[in-house]
Amino acid sequence: MLKTSRKVIPLTLIMLANVAVAKAQGINQVRVSKQTLQQHLYLLASDSLQGRKTGTRGQREAATYCIQDFRKHRLIAVFRTDSNRASFRQTYPFRELAIAPYGMPNQPYSRYELVPPPRTHRDSSRVLLGDNVAGLLVGTDLKQEIVVLSAHYDHLGRPGSRVYHGADDNASGTSAVLAIAATMDSLAQQGIRPRRSVLFVLFSGEEGGLIGSEYFVRNCPFLPAQLVCDLNIDMVGRVDAAHRKQPDYCYLIGGPTSDSLRATAQKANTESVQLELSPTFDSEADPNRYFYRSDHYNFYRIGVPILFFMDGEHPDYHQPTDTADRIDYDLLQKRAMLVFQTAWRMANP
Ligand SMILES: [Zn+2]
């Protein structure tokens, strides 16, 4: 962690240069730093975090790392701990159910379920704790309205002798959220602040059944009516088999209430990175069921319009070989910029 923070100075300079560009040529030219994305991703997917399984030391250390970064970029803590204090961390109790094969044999998979907080010492031995992390960038005249940017940072841990690094799933989305927060903070430092507030949220508990986001929406520090949309990023650093020849793409998945969000993302894309935005999986009836398989689904369930950004699947999906060296960082940067541009437009109606 110290090693990362020593590299702050050149990064800040790069971002300040970007802000100068923003003023001269408009927000469409703002870049999300590739170097920042890469640093976060290598750290999150490193052996030392042991695959970030929810309830383990690796997950807690990843949460601490993300909190330090949110703090460094002046985000505001939103989880009230008492009348005059708030935390970046939201901790929830859960239990892990028997490990069951999921689809393929040898696939390390277990289900999690939220439980009430333990009341006795005996209870507490069976209850695990997971953490969500969130930070708020406060808007200007519409600051009560909140654009949510989310990703899960947990992965499968170390079920056997090998670490499941989860570089694409989902150190890529986590890095994108951190780097976009840094970009917006850098703009805010130059007096360019969005009208609406932006909430950056990193969930755990995703891999065992989306329980981190389930707990978050049930115990949300904001009213559901304040949440304008959720832009969720889960797996954005790789290329699937269908796009080997033309890798500049991103799958977009929305819901029945996402039409204007889709249109905003398309406009943002045309005016900036110009990826191919593929609607292949953009239906609740799609047999892959991606619409139900990441944290945006819990926002959809409480009536918040959602848009889900992802790269599809590849042979390293949910394997120990999903490692940081296999990520396409140019593409990760373009997709992070697409999310930034979409979020910026949603935050400036
Ligand atoms: Zn996964």
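Counting from 1, the numbers follow the sequence of the chain as shown. Reckoned from all heavy atoms, side chains included, excluding hydrogens, waters and symmetry mates. Atoms within a ligand are numbered from 1 in the order they appear, just like the ligands themselves. This is a predicted model, so every value here is computed, not measured.
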Metal check, the Zn ion (ligand 1) vs H318 N/O/S, cut-off below 2.8 Å: yes

Can you tell me if D169 has an N, O or S atom under 2.8 Å away from the Zn ion (ligand 1)? yes

Report yes if the distance between the aromatic ring centroids of F216 and F203 is under 6.0 Å, otherwise no. yes

Does E206 put an N, O or S atom under 2.8 Å from the Zn ion (ligand 1)? no

Can you tell whether the side chains of R60 and D131 come within less than 4.0 Å, N to carboxylate O? no

Looking at every heavy atom in both D311 and Y249, which two are closest together, and how far apart are they? O-OH, 2.6 Å

Please identify which of these residues, D47, T323, D325, meets the side chain to side chain donor-acceptor pair (under 3.5 Å) condition with H165. D47

